[in-house]
Visitor: 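Structure below; questions to follow.
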Amino acid sequence: MLKNSPAFGSFSTGDIQAALAFYGRTLGLDARIGAMEVLELQLAGGMNVIVYPKADHRPASFTVLNFKVPDVEAAVAELGRRGVRFEHYDLPGLKTDAKGISRDGGGPVIAWFKDPAGNILSVVEEA
């Protein structure tokens with residue numbers, strides 16, 4: 001039924017202006033405040049994401065956006081220069097190195113970071 005229906009993703013933030021600065025300036029995405037004061041992100045490949053303000057925002061406990069990159073190490077270095085801090089994990093089945101990169105042989109090369117509202121994002125190496 002919905003096979004030919006355009007779709008978009010969405011998640012919340014507690015501060016729409018901080019989100020605009022982070023997604024637009026820090027990450028370099030096409031980001032603008034649209035109707036009803038929501039942040040509209042236009043991503044590569046034609047996907048659109050809406051970040052909406054929510055007074056009682058609670059960060060997602062899962063990854064809300066994954067960005068495919070050809071080289072995670074290079075992406076981590078560039079984003080780090082832009083002020084992005086990467087998450088470090090030392091859990092059973094999930095370990096990251098000193099740069100915050102997971103190179104577990106059972107999964108993709110990936111590094112996680114958070115937006116100003118605490119939502120989890122990642123850069124993941126294209127296989």
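Remember, predicted model here, so these are calculated numbers, not experimental data.
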Visitor: Could you please spell out the steps behind the side chain to side chain contact (heavy atoms under 4.5 Å, CB included) verdict for Asp71 and Val109?
Guide: CA-CA 9 Å; Asp71 182 342; Val109 176; over 6 Å; no

Visitor: Looking at every heavy atom in both Ala31 and Leu20, which two are closest together, and how far apart are they?
Guide: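 Minimum heavy-atom contact is O-CD1, 3.8 Å.
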
Visitor: Just wondering, more than 12 heavy atoms not from Arg58 lying within 6.0 Å of its CZ?
Guide: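 Atom CZ in Arg58 is not packed in, count stays at 12 or less.
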
Visitor: Determine whether Val64 and Val124 fall in the same hydrophobic cluster, where Ile, Leu, Val, Met, Phe, Trp and Tyr are linked whenever their side-chain heavy atoms lie under 4.5 Å apart.
Guide: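 No, because Val64 and Val124 fall into different hydrophobic clusters, even though each may have its own neighbours under 4.5 Å.
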
Visitor: Using every non-hydrogen atom in the two residues, find where Met1 and Ser5 come nearest and quote the distance to one decimal.
Guide: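 In this case the closest contact between Met1 and Ser5 is O-OG, 4.4 Å.
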
Visitor: Does Val51 form a side chain to side chain contact (heavy atoms under 4.5 Å, CB included) with Val38? I'd like the steps, not just the answer.
Guide: CA-CA 6 Å; Val51 183; Val38 300; over 6 Å; no

Visitor: Counting neighbours of OH on Tyr89 that are heavy atoms of other residues, nucleotides or ligands and sit closer than 6.0 Å, is the number greater than 12?
Guide: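 Atom OH in Tyr89 is packed in, count exceeds 12.
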
Visitor: Does Leu79 reach the side chain of Phe67, with side-chain heavy atoms less than 4.5 Å apart?
Guide: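 The answer is no, as the side chains (C-beta and beyond) never meet within the 4.5 Å cut-off.
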
Visitor: To the closest 0.5 Å, what do you measure between CD1 (Ile101) and OG (Ser122)?
Guide: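 Atom-to-atom, Ile101:CD1 and Ser122:OG are 12.0 Å apart.
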
Visitor: Output the distance between atom CZ (Phe22) and atom NZ (Lys114), rounded to the nearest 0.5 Å.
Guide: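 Rounded to the nearest 0.5 Å, the CZ-NZ separation comes out at 12.0 Å.
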
Visitor: Would you call Lys68 and Glu126 a salt bridge, taking side-chain N to carboxylate O under 4.0 Å as the test?
Guide: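 Glu126 and Lys68: not salt-bridged.
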
Visitor: For the backbone of Ile50 and the side chain of Glu40, can you confirm whether one donor and one acceptor N or O come within less than 3.5 Å of each other?
Guide: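 Side chain of Glu40 to backbone of Ile50: no pair is present.
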
Visitor: Indicate if Phe8 and Phe62 have the same hydrophobic cluster label, given that clusters are the connected sets of ILVMFWY residues with side-chain heavy-atom separations under 4.5 angstrom.
Guide: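 No; Phe62 is not reachable from Phe8 via cluster members.
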
Visitor: Quick one: CZ on Arg103 to NZ on Lys95, what's the gap to the nearest 0.5 Å?
Guide: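 Output value for this atom pair is 15.5 Å.
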
Visitor: Kindly work out whether a path of hydrophobic side-chain contacts (I/L/V/M/F/W/Y, heavy atoms less than 4.5 Å apart) joins Phe11 to Ile120.
Guide: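 Not linked; separate clusters.
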
Visitor: I'd like to know if the side chain of His88 and the backbone of Thr96 have a donor-acceptor N/O pair within less than 3.5 Å.
Guide: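 No, because the side chain of His88 does not come within donor-acceptor range (under 3.5 Å) of the backbone of Thr96.
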
Visitor: To the nearest 0.5 Å, tell me how far Thr63 OG1 sits from Trp112 CH2.
Guide: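 Thr63 atom OG1 to Trp112 atom CH2 measures 7.0 Å (nearest 0.5 Å).
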
Visitor: About how many Å separate CG of Asn48 and CG of Leu41, when rounded to the nearest 0.5 Å?
Guide: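 If we round to the nearest 0.5 Å, Leu41:CG and Asn48:CG are 8.5 Å apart.
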
Visitor: Hey, does the side chain of Asn119 reach the backbone of Ser12 with a donor-acceptor pair shorter than 3.5 angstrom?
Guide: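 Checked: pair present.
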
Visitor: Measuring from Asp115:CG to Leu27:CG, what's the distance to the nearest 0.5 Å?
Guide: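 Rounded to the nearest 0.5 Å, the CG-CG separation comes out at 8.5 Å.
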
Visitor: Is there a chain of hydrophobic side chains (I, L, V, M, F, W, Y, each step under 4.5 Å between heavy atoms) that links Val49 to Tyr23?
Guide: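 Linked within one cluster.
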
